[in-house]
Amino acid sequence: MIKEFKNNGYKTVILNSSSKSMFNCDNVYNYYGVDEKKHLYDEINLNGEYVTDKYITDEIIKYFNQKEKNEKTFYFAITMGGHMPYYEERYNNYDFEVVESKYNNEITGTLKSYAQGIYMADQELGRLYEYINTLEEETIIIFFGDHLPHLQTKSGKDALFEINYLNNDYDLESVYRQFNTNAVILSNYNIEHDNIKYLSPDLLLTYVMNNMDIELSSYYKWLYTTIDTLPSSNYVVSISNDGNLHYTLGLEGTMKDTYEMRKKIQYMLFK
């Protein structure tokens, strides 16, 4: 995707809340040809704490206030402000209180900590959205998470299982919940969009790119067509375009063919 944007005259920028050594990402970004990158954990003294979402939002706004007017930009910010661990004492101040709970204090405190993190992230997303509405340049925000929160208590209990959001029966609904995260697309101009409820993470930006006025490679054009057949899938669970859940190993027909083709491309099994 970095290459696709660069081929269309975009400057590519990555703001990473974590360290440049995590997943060897600094070398990976160089390999991809990212124009500008910043690893905040290595550049500011955090004393072991995560970079706040407020800091990230400030950095994004500062960049777009200073960039050249004719610069087309793909800006990817990786946040860590709402990351684990989720202990009640993590935050000195809460914007709400839990007045009643059917769970014990440890589970309730873990959920409360997670909820505060969500609230703070939502505040910053709202601030960023308000900011792009002050810009004349057409701008899109894609906000998404890459996995469920690891809501483990200090005693080692998993709150997601304790509240019966997940179970060990591996029924289809529970498996689906394990891999499902939410996303939102915002813009400062009117855009037409399809009523798509489910998309795999690699299809999220693919969908946006194919609805922009840019030239894409044949691969990303083809990848876009798979949304009609198999909008969301991983190695365990898949979702058809009608919203029905399927075990991936049980796929048949066009859905199976599409899954196998994508798998071969992704893992470079073509001969």
Side-chain angles (χ1 to χ4, degrees), residues 1-68 71-86 90-91 113-114 116-129 131-132 135 137 139-151 179 181-186 199-209 220 234 266:
M1 291 180 178
I2 295 293
K3 182 179 179 181
E4 298 293 322
F5 280 112
K6 287 174 69 70
N7 286 344
N8 282 274
Y10 278 74
K11 182 178 180 180
T12 55
V13 182
I14 291 182
L15 178 66
N16 177 25
S17 299
S18 189
S19 170
K20 63 182 180 182
S21 63
M22 191 172 189
F23 301 116
N24 196 28
C25 64
D26 190 54
N27 289 330
V28 172
Y29 297 155
N30 288 335
Y31 177 79
Y32 286 158
V34 175
D35 294 312
E36 186 176 316
K37 56 192 182 336
K38 200 171 187 179
H39 305 284
L40 293 178
Y41 196 87
D42 302 305
E43 296 188 16
I44 58 178
N45 184 16
L46 295 169
N47 295 317
E49 299 292 327
Y50 290 129
V51 180
T52 64
D53 290 337
K54 182 181 183 304
Y55 192 101
I56 294 292
T57 305
D58 289 341
E59 285 286 298
I60 296 172
I61 292 174
K62 181 171 67 175
Y63 180 90
F64 279 86
N65 279 339
Q66 295 175 351
K67 81 177 186 68
E68 297 293 332
E71 175 194 307
K72 298 186 295 184
T73 313
F74 170 68
Y75 193 105
F76 187 66
I78 304 167
T79 67
M80 294 284 284
H83 201 273
M84 61 179 283
Y86 303 106
R90 173 175 178 173
Y91 300 105
S113 173
Y114 176 57
Q116 178 65 28
I118 291 177
Y119 176 77
M120 294 167 70
D122 184 63
Q123 281 185 313
E124 294 310 312
L125 177 60
R127 184 159 70 96
L128 187 58
Y129 180 55
Y131 168 72
I132 70 166
L135 303 177
E137 182 181 16
T139 306
I140 297 173
I141 298 174
I142 305 174
F143 185 80
F144 68 100
D146 61 337
H147 60 78
L148 286 184
H150 190 51
L151 295 178
F179 295 105
T181 59
N182 292 321
V184 63
I185 301 175
L186 303 169
L199 279 176
S200 289
D202 62 330
L203 290 179
L204 182 59
L205 188 52
T206 298
Y207 171 78
V208 174
M209 288 164 57
Y220 277 102
N234 64 14
Q266 287 170 332

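Keep in mind it's a predicted model, so treat the numbers as computed, not measured.
- Between the side chains of Asn65 and Tyr131, at least one donor-acceptor pair of N or O atoms lies under 3.5 Å.
- The side-chain heavy atoms of His39 and Cys25, taken from C-beta on, include a pair separated by under 4.5 Å.
- For Glu43, the CD atom is densely surrounded, since the number of other residues' heavy atoms within 6.0 Å is greater than 12.
- Rounding to the nearest 0.5 Å places CG of Leu15 at 8.0 Å from CD1 of Ile78.
- Between the side chain of Lys6 and the main chain of Gly33, a donor-acceptor pair closer than 3.5 Å is present.
- In plain terms, the two heavy atoms of Arg90 and Met84 that are nearest each other are NH1-C, 4.1 Å.
- When side chains are defined from C-beta on, Val184 counts as touching Leu125, because their heavy atoms get closer than 4.5 Å.
- Between atom CG of residue Leu40 and atom OG of residue Ser19 there is a gap of 11.0 Å, rounded to the nearest 0.5 Å.
- The aromatic rings of Phe5 and Phe74 sit parallel, their planes meeting at an angle under 30°, below the 60° perpendicular limit.
- In this structure, Leu204 and Ala183 approach most closely via the heavy-atom pair CD2-CB, 4.0 Å.
- The CG atom of Leu205 sits 4.5 Å away from the CE atom of Met1 when rounded to the nearest 0.5 Å.
- Side chains of Tyr86 and Gln116 form no contact here, defined as non-hydrogen atoms less than 4.5 Å apart.
- Every residue meeting the side chain to side chain contact (heavy atoms under 4.5 Å, CB included) condition with Asp202, not counting sequence neighbours, appears here in chain and number order: Ser200, Arg262, Gln266.
- Dense packing is recorded around OH of Tyr220, with more than 12 heavy atoms of other residues, nucleotides or ligands lying under 6.0 Å away.
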Step by step, work out the side-chain contact (heavy atoms from CB on, under 4.5 Å) result for Ile140 and Ile185. CA-CA 7 Å; Ile140 297 173; Ile185 301 175; 3.8 Å; yes
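- Taking the side-chain hydrogen bond (donor to acceptor under 3.5 Å, both in side chains) definition, one finds that Glu137 meets it with Lys67, sequence neighbours left out.
- Contact check for Tyr75 versus Ile60: side-chain heavy atoms found under the 4.5 Å cut-off.
- In this structure, Thr12 contributes its side chain and Asp35 its backbone to a donor-acceptor pair below 3.5 Å.
- Checked by atom type and distance alone, the side chain of Lys37 never pairs as donor or acceptor with a backbone atom of Asn30 at under 3.5 Å.
- The shortest distance between side-chain heavy atoms of Asp26 and Asp42 does not fall below 4.5 Å.
- By the 6.0 Å contact criterion, NZ on Lys54 is open, its count of non-hydrogen atoms from other residues, nucleotides or ligands being 12 or less.
- For the pair Met120 and Tyr91, the minimum side-chain heavy-atom distance is below 4.5 Å.
- The NZ atom of Lys38 sits 15.0 Å away from atom OH of Tyr29, with the distance rounded to the nearest 0.5 Å.
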Just do the side-chain contact (heavy atoms from CB on, under 4.5 Å) check on Phe143 and Leu128 with the steps written out, would you? CA-CA 11 Å; Phe143 185 80; Leu128 187 58; over 6 Å; no
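- Of all heavy-atom pairs spanning Met80 and Ser17, the tightest one is CG-CB, 3.5 Å.
- Rounding to the nearest 0.5 Å gives a distance of 3.5 Å between CD1 of Ile132 and CD1 of Ile141.
- Rounding to the nearest 0.5 angstrom, the gap separating the CG atom in Asp58 from the CZ atom in Arg127 is 4.5 Å.
- Val13 places a side-chain heavy atom less than 4.5 Å from the side chain of Glu36.
- For the pair Val34/Phe76, no side-chain contact is recorded, criterion being any heavy-atom separation below 4.5 Å from C-beta on.
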